Asker: 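Quick one: structure below, then a few questions.
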Amino acid sequence: MQRRDVLLGYYQAMLSANGPRNWWPAKTPFEVCVGAVLTQNTAWKGVEKALSNLEQAGALDPHTIHALSLPELERLIHPAGFFRLKARRLRNLLDYLSASCDFDLGLLADRDMTDVRGELLEVSGIGPETADSILCYALQMPSFVVDAYTRRILSRHGLLPEDADYEETRDFFMDVLDPDPAFLGDFHAQLVGVGNQYCKTRNQLCHTCPLGSFLS
DNA sequence: TTCCGGTCCA
DNA sequence: TGGACGGGAA
């Protein structure tokens, strides 16, 4: 059994159980970028509130949010938690997007993915998961997003060692899967779904999990 | 109390 | 490698 077929089997099982996920709902690619920072180690619920606050303030517009004072930005994103930290990280990302493409994300999307990824990772506060989320969901580039759920599921299934790092886990998928942004994006979304509904930290629910039959 | 759609720094 | 950052929901 080739790794590609194993992964496709996992994907099919999750897709059959859940259907395609409505992952990363956002009106604009720019909103995805903002949400990607806000959701760092944070439940999506709070991110929704923060995004809603920003929208009320007209600050889902790149130039408007970029012109906000730090305290004002902190106030608006407060419900997402880590608000002082994230206000600074958001600022850093906005500085980058302004300098690199003047907020014309299409320009980034037309460039080499590895180059753009490297630049995103240079931004303080943008780690690999946030960078890949921006690449995949905002720029529609074929980058696979790895998160804690992904690694937990793979290690519990004996597909990767528990201590596999981010890049190794990402390559595990990207080396064998078709570079289709919509597919890679939904694959990640399915894993997150299984991760927080079944493959929990404590109470794993393998008996009812869509991936339960793959356990050896 | 735990956990979340992480990352940086000492 | 461990701690800090933080609100909100279960």
Side-chain angles (χ1 to χ4, degrees), chain A residues 11 14 18 20-54 70-96 117-141 143-156 161-170 173 181-205:
Chain A
Y11 178 67
M14 294 188 288
N18 300 325
R21 312 271 304 173
N22 181 27
W23 193 244
W24 223 299
K27 293 194 184 71
T28 64
F30 179 73
E31 185 180 333
V32 175
C33 298
V34 174
V37 170
L38 294 180
T39 198
Q40 291 173 352
N41 198 39
T42 298
W44 185 252
K45 196 71 182 176
V47 178
E48 283 183 326
K49 288 201 189 96
L51 288 171
S52 166
N53 287 347
L54 289 169
L70 224 36
E72 180 64 359
L73 186 54
E74 291 173 358
R75 187 180 69 75
L76 292 169
I77 68 174
H78 191 264
F82 300 130
F83 55 91
R84 280 179 284 266
L85 184 64
K86 286 175 180 173
R88 279 180 274 122
R89 291 181 174 179
L90 225 29
R91 233 349 147 59
N92 296 339
L93 177 60
L94 295 171
D95 288 344
Y96 166 71
R117 187 171 193 266
E119 292 176 6
L120 284 169
L121 291 175
E122 293 284 308
V123 178
S124 178
I126 307 298
E129 182 174 344
T130 306
D132 288 327
S133 295
I134 291 171
L135 291 173
C136 184
Y137 299 109
L139 303 181
Q140 303 290 309
M141 294 169 103
S143 196
F144 188 82
V145 179
V146 171
D147 70 339
Y149 293 133
T150 308
R151 293 150 93 168
R152 192 154 76 214
I153 293 168
L154 291 192
S155 69
R156 284 181 177 173
E162 205 170 344
D163 60 353
D165 68 15
Y166 187 97
E167 299 299 328
E168 181 181 359
T169 308
R170 179 173 181 260
F173 289 86
F183 167 60
L184 296 180
D186 192 55
F187 202 146
H188 166 70
Q190 298 287 355
L191 288 169
V192 172
V194 164
N196 67 29
Q197 293 171 58
Y198 302 97
C199 206
K200 303 163 182 280
T201 342
R202 297 238 190 331
N203 291 326
Q204 309 79 304
L205 307 172

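A quick note: this is a predicted structure, and the numbers were derived from the prediction, not measured. Chain A is the first sequence line, chain B the second, and so forth, proteins listed ahead of strands; every chain is numbered from 1.
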Asker: Between A/G195 and A/V123, which residue's closest nucleotide on DNA chain B lies nearer the 5′ terminus?
Answerer: A/G195
Asker: Please report the distance, rounded to the nearest Å, between CG in A/D147 and C1' in B/dC4.
Answerer: 11 Å
Asker: Can you check the A/N196 CG to C/dA10 P distance for me, whole Å?
Answerer: 13 Å
Asker: Between C/dG7 and A/T42, counting only base atoms on the nucleotide and side-chain atoms on the residue, is there a donor-acceptor pair under 3.5 Å?
Answerer: no
Asker: Kindly say if A/T130 contacts the phosphate of B/dT7, meaning a side-chain N or O under 4.0 Å from OP1 or OP2.
Answerer: yes
Asker: What does A/S124 touch in the nucleic acid at a heavy-atom separation under 4.0 angstrom: a base, only the sugar-phosphate, or nothing?
Answerer: sugar-phosphate
Asker: Select from A/N22 and A/L121 the residue whose nearest nucleotide in DNA chain B is closer to the 5' end of that strand.
Answerer: A/N22
Asker: Does A/R89 place a side-chain N or O at less than 4.0 Å from the phosphate oxygens OP1/OP2 of B/dT7?
Answerer: no
Asker: With a non-hydrogen cut-off below 4.0 angstrom, is A/G46 in contact with a base, only sugar-phosphate, or nothing?
Answerer: nothing
Asker: Just grab all the side chain to side chain donor-acceptor pair (under 3.5 Å) pairs involving residues 120-133 of chain A, residues at least two apart or on different chains.
Answerer: A/Q40-A/T130, A/R117-A/D132, A/D132-A/S143, A/D132-A/Y166, A/D132-A/R170
Asker: On DNA chain C, does the nearest nucleotide to A/K49 precede the nearest nucleotide to A/G81 from the 5' side, or the other way round? Give the residue.
Answerer: A/G81
Asker: With the side chain of A/F82 defined as its heavy atoms from C-beta on, choose the nearest nucleotide among B/dC4, B/dT7, C/dG6.
Answerer: C/dG6
Asker: Regarding A/H78, tell me which of base, sugar-phosphate or nothing describes its non-hydrogen contacts under 4.0 Å with the strands shown.
Answerer: sugar-phosphate
Asker: Picking from C/dG6, B/dC4, C/dG8, which would you name as closest to the side chain of A/Y149?
Answerer: B/dC4
Asker: A/A148 near the nucleic acid: base, sugar-phosphate alone, or nothing, with a heavy-atom cut-off under 4.0 Å?
Answerer: nothing
Asker: Quickly work out the A/N41 CG to C/dG3 P distance and round it to whole Å.
Answerer: 15 Å
Asker: Which nucleotide in the list C/dG8, B/dG6, B/dC4 gets nearest to the side chain of A/Q40?
Answerer: B/dG6
Asker: When the P atoms of B/dT7 and C/dG8 are considered, how many whole Å apart are they?
Answerer: 23 Å
Asker: When the P atoms of C/dG3 and B/dT2 are compared, how many Å lie between them, rounded to an integer?
Answerer: 14 Å
Asker: Do you know which two heavy atoms are closest between A/A138 and A/C33, and how far apart they sit?
Answerer: CB-SG, 3.8 Å
Asker: Taking all non-hydrogen atoms of both residues into account, name the closest pair between A/D165 and A/E168 and its distance.
Answerer: OD1-N, 2.8 Å
Asker: Has the side chain of A/R202 got a donor or acceptor that lies under 3.5 Å from a partner of the other kind on the base of B/dT2?
Answerer: no
